[in-house]
Structures are given as C-alpha cells and as structure tokens.
Amino acid sequence: MAAAALPFAAAAEEPDSLSFESDLDELVVTSRPDSRRRLRDSAMQSELLTGAELTRAACCNLGESFATNPSVDVNYSDAATGARQIRLLGLPGTYVQMLTENIPNLRGAGAQFGLGYIPGPWMQSIQISKGASSVKNGYESVTGQINVEMLKPQADQSVAVNAYADHMGRVEANAAGNIRLSAPLSTGLLLHGENTFATHDGNSDGFADSPRVRQISVMNRWAYIGRKYIFQAAASYLGERRESGQIGHHAEHNPNPYLIGIDTDRGEAWMKNAYMFDPAHAGNVALITAVSIHDQKSSYGERLYNVIQKNLYASLLFERDFGRVHSLSAGLSLNMDHYRQRYRLKSDSNLPLLPLDQSENTAGAYAQYTLNLDSRLVAMAGLRYDYSSLYGSMITPRLHARWNIAEPVSVHISAGKGYRTPYALADNSYLLASSRAIVIEPYLRQEEAWNLGAGVSGTLYPFNRKFDWGVEYYYTTFSNQTVVDLDRSPMAAYIINLPGRSFSHAAQVELTYRPISDLTVTAAYRYNDVRLDYGRGLVEKPLTSRSKGLISLGYTPMMGIWQFDLTLAITGKGRLPDPGYDPDGAPLWDATYKGFPTLNAQITRNFRHWSIYIGGENLTNYRQRNPIIGAADPWGPTFDATMIYAPVHGAMAYIGFRYNFTKY
C-alpha cells in the first residue's frame, strides 16, 4: 500500500501507548513502546514522533511540537510578530519540505506563520526525514522532510477535547470527533480556537514581548475504505488576526505609535483516490489533488505587504512490489503557484502600493526503485525530471541506503539534490519589522543544493536495559542560493543571489537510555558549521548557533498514571551581523552572542478518559537583552526587530486538560 497515497499506512499510525497481557483478572504491563523512535526498516534516516511524544509538552501547535526533539530547532524570526522558523541540519526551514498527509504544504506565503496553523491536538504523529528524502513528493527537499499525520476519521469512534491557558493571557480550546456512518464510510470534524487577552512587556522596551493572536480553524475529513478502492478528502479554513507593536503609555501618549497587524485567511482542500489492483503485491494506482488559497494583509508601521497565493497540486502514482526484494514507484506531478503581491517598503504613507505578480507552473515525472534484502540491506534510488515555466529543466537524483550489520547496529548513507524557487518578499516579510531599506536583486536564480549524509546507530542492552545510540553527519553545499545580506550595511537588507560559496556541516551524537522501566533519558549534542561568502570572503552565517546540547527526561511511574517531563537545552554561541555605530561611535549591538540555557518542565496526571497537566517554559528565565534595536525610536534609522537568537519573553507557566473517549 503506497504510503504517499495512503497516509494511514501502518508506518504512520500512532501505536497504542501500552501493551498488555491478561492472566485471569490480573493486568500485567509488559512493555511501553518508545514515544519517539527511529524507523530502522526505512532506507531514509527517519524518526517518528507519536501522539505520546506530543503530550510531553503543551504542544499547542506544530511549532511547539519539537521542544523535546534534539534534531529540530524552532526559533523566532523577529521580536515583534511571533513568527517561528524551523532549523534542520543548521539551515533555515525554507530548505525543509513540509508535508501534511504526505502532500506538500505550508509553502511560500504560508511558511512564515505556518508552524502555528496546525493545532497540536489535531496531530496523530510527525515523521522527520533527514537529508534529501524521497523524490515522490517533489524536488524541494534539501535538508529533510517533515510530514504531519492528522487524526483519522476511519479510526475507532472517539471524542477528544483539549483546553489550555497560560499566565500571559493565551487561551486555547480544541475539539475533535469522528463517526462511522457505515462499515467503509467515516467522517471527522476538528475545531480549534485561540485568543490572547493580554500583552506583556517584560523588558520595558515599549514593545509587546509576544503578539496578541486570535485564531479559529476548522477541518472536515471523509474516508471510504473499501476492499480495493480507498477514498479520502478534507476541507479546512483558518482565520487569524495578529497584533503587536508599541503598547501601554508608549502607544497611549504617542500620536503615531508603531503598530503591527497581520490578517490571514487560508482555505485548503485535498482529495485522494487509490485503487488496489494487486493487493498481494501492494500494487496500486493513486490520484492526489490539492488546492489552497492564502490571503494575507500585513502592516508594519507604514510598511505594507499584501499577498494572495493560489496553489494547485496534483500527483498520479503507481506502486508495486515485485517479489519480496524489489519494488517500484513511479508517477507524474503538477504544481501551479500564483502570487498576487502589493507592497510598500518605505515608511511613507503617501507612497502608493507597488504591484508584483509571480507565477510558476511545474510538471514532473519520477521513478523510484527499492531493494530490500530481508531488511538487512534496504536501498532506495530515485530520479525525477521537472520542467518549470520560470527556470526550465530540473533533474533530481537521490539515493538512500541502510545496512543493518547486525541486530543492534545499522549504517546509513544518503545523497541527493534539491531545488527551491525563491520569493523575495513572501520568504522574508519579517524584514519589514525594521527600518532597513530592502534591496532586492532584479532576477533571483532558482536555489540548487546537494546534500550528503552518513551515520551509524544501534541498540544495546547493558544490565538488561535498552540503550539506543547514534552518530550522524550531513554536508550541504549550494550551487545557487538566495540570501539576505545584513552585513553590508546596518541600514539595509540585501536579498541577492549569493556570489560566493555556501555550505554547512552538521554532526550529531544522540544517546537514549532506560535506567529503570519507567524512566527514559535522552542526551544529544549537535555541532553546526554554516558558512557563506557574500563576495567579501567566507564568514559564519549570522544568527546561527554553532552548537546545541539537550537532555530530556521522561518519567511515567504507576503504570503511566503520572507523567513527569523535563527538557534542558543549551544553545551555543553565534555571530550577529556586522554592527553599525551610533553618533557617539559606539556599536549598535555586539558582534557575537553567548550561549544560553532553556528549561521546560511538565507534570501530567492521567485518568481513565482525561488528564490534567501543568508546566512551564523557559524556566531558566533567560531573555535576550535588547531584542529590538532602537526600540525607543521605531521611526528612526536604526530600528530593527529582526536580530533574534534567544527567547524574548521570560518564564511562562501554563495549565490544561485533555479528554478522550473512544468507543471500541
């Protein structure tokens, strides 16, 4: 059964949290599966975050789902709008292909705030693949893929409710339910609402530490699971209002306060059809179609950026196993993007909005072969060809292989190419939260990069306790790259084709051990070396930490009635863009920043159908000093809210509850 066509395949399903044996009237717990685990049967370097892993933190949305994960970092892109950005293998999230139900999503205009568009309680599991990944889903993956599986309508009938509140005035509520209308036909409804009722200014710079966000979203899903024909469809709507800027007396007694407003309306719909023509050999053909419309209106003081992005995606797939050793996947795809953009980059309300419309249509074909020798050696080779109406032909080769040398040890390698179309304003609209002049090179070339990776991992059982370990290394090098040059001038941001080299090295060591049956300890260390040449010599990429260490503890005593989770992350030092100087000759900011710790903790009490949890984030109370440059004069030439490397707000406490009733 094709995982790309059928996202409810076994590999993506969330496992039961407990495994039981029964002996008369006695209930005996025999094992507790890992909530986060590597997929050793996959040729790619992949890991699965199950629903149990997602409950280890508040996990209000996708952007907050990686707090306990050593591989994925989530940072704020500016100190004003609350936009979050993923980092994988030391590089920004623009090089990670985001998928929902194995359909490309959250691209272009939807990427800046997209991590907040998927509520945590809606998610069943998350799969993270490092490296260039599979060619099935397109050519855009450079450093990896993140696929989100939502709650399934065809699962056992259930009702789930989640509520959350924190001391900073944020309140959320979620509800999800599904019903089986007949043996093959099911439907599900997912609801989400959130509101921030207060603003905070913990550093007294006159700007809100986090925006006030009002969001509602709804999704309706359908599934028909027949003997040979399978159908799935969904439609969703999201409306979000985001407000930030100067608050308190800075706004009340200011005739012209600096305010930020971002209004977003987003609609999506997708449909999947799969026909199993040879179930014995997983032979099937599938058709996937998806459409989305993203309408965003944003103002940063007197700077404006409005964008409407329309996307159409279609994919026709064929898959079949040829015996137990060989399998083939092939397909055709079509992706159509249209951007209608209107913008004003200068703080002058008398200037008109400038138009910028961009369209790209891309048609492609691929073939992917998999060799599986009794799961001891799994190799996957793929090749796709795409033709873009903007850039012409693209050829994307990718190779993944895993050799399970022995039961406890496996070696994996990967190599592949990726492409990405840059959209200067859609990708970098956060730069509008500054007084920097934004200079865009007239023609931005398509980004093109190679990613190479290798690693070894295994499992040991010292003292009859499970001990997982892994070491991995990835190298990414760009042939073409679009970059934001903040070093050339403190008064300008240059969005340009990089004239020189660009590469990254990312190495990670990870250990997971269960000293006792109810306690899991994970320790990891990652080193990043990301460098580029703006044409003035090779330098470290600014606002990119060189290292990260993480220790995460999960303790679930009394058969999981209680759950204690603690995660300490230490983010390493890094470089800031070259500083400018004030009239007295003093630098406007430091040339580098130091490393810092963050601590998250949560306690959960589980009952039969519901649970209550309390927790805290950034309990070390570390905050970036002066996160907004020139906050006292936001209309002045040195105002800049985009140089963020650490938390802006201090310690935060929250409380919530979950209710789940399943009818078996």
Under 3.5 Å, which donor-acceptor pairs link side chains of residues 103-120 to any protein atom two or more places apart or in another chain?
{"unit_1": "Asn105", "atom_1": "OD1", "unit_2": "Arg266", "atom_2": "NH2", "d": "2.9"}
{"unit_1": "Asn105", "atom_1": "ND2", "unit_2": "Thr100", "atom_2": "OG1", "d": "3.0"}
{"unit_1": "Asn105", "atom_1": "ND2", "unit_2": "Glu268", "atom_2": "OE1", "d": "3.0"}
{"unit_1": "Arg107", "atom_1": "NE", "unit_2": "Glu140", "atom_2": "OE1", "d": "3.1"}
{"unit_1": "Arg107", "atom_1": "NE", "unit_2": "Glu140", "atom_2": "OE2", "d": "3.4"}
{"unit_1": "Arg107", "atom_1": "NH1", "unit_2": "Asp337", "atom_2": "OD1", "d": "3.3"}
{"unit_1": "Arg107", "atom_1": "NH1", "unit_2": "Asp337", "atom_2": "OD2", "d": "3.1"}
{"unit_1": "Arg107", "atom_1": "NH2", "unit_2": "Glu140", "atom_2": "OE2", "d": "3.1"}
{"unit_1": "Arg107", "atom_1": "NH2", "unit_2": "Asp337", "atom_2": "OD2", "d": "2.9"}
{"unit_1": "Gln112", "atom_1": "OE1", "unit_2": "Ser429", "atom_2": "OG", "d": "2.2"}

- Task: Would you check, one step at a time, whether the test salt bridge (Lys or Arg N to Asp or Glu O under 4.0 Å) holds for Asp578 with Arg536?
- Result: CA-CA 13 Å; Asp578 288 345; Arg536 304 181 295 273; 5.8 Å; no
- For Asp209 and His649, the nearest pair of non-hydrogen atoms, with its separation, is CB-CB, 4.1 Å
- Message: Between Glu243 and Arg241, does any side-chain N to carboxylate O distance fall below 4.0 Å?
- Response: no
- Separation of Met491 CE from Ser434 OG (nearest 0.5 Å): 11.0 Å
- Task: Apply side-chain contact (heavy atoms from CB on, under 4.5 Å) to Ser244 and Thr81, showing your working.
- Result: CA-CA 6 Å; Ser244 188; Thr81 67; 5.9 Å; no
- Item | Set of side-chain contact (heavy atoms from CB on, under 4.5 Å) partners for Tyr593, sequence neighbours left out | Ser545, Leu576, Tyr645
- Message: Taking Met168's backbone N and O only, do any of them form a donor-acceptor pair with Asp166's side chain (distance below 3.5 Å, no angle check)?
- Response: yes
- Should the pair Trp122 and His192 be assigned to parallel (<30°), tilted (30 to 60°) or perpendicular (>60°) ring geometry? perpendicular
- Can you name the residues that form a salt bridge (charged side-chain N to carboxylate O under 4.0 Å, His left out) with Arg546, not counting sequence neighbours? Glu540
- Query: With sequence neighbours left out, what residues match Ser359 under side chain to side chain donor-acceptor pair (under 3.5 Å)?
  - Reply: His338
- Item | All side chain to side chain donor-acceptor pair (under 3.5 Å) counterparts of Ser129, not counting sequence neighbours | Ser46
- Report the residues that fulfil salt bridge (charged side-chain N to carboxylate O under 4.0 Å, His left out) with Arg84, sequence neighbours left out, ordered by chain and then residue number. Glu64
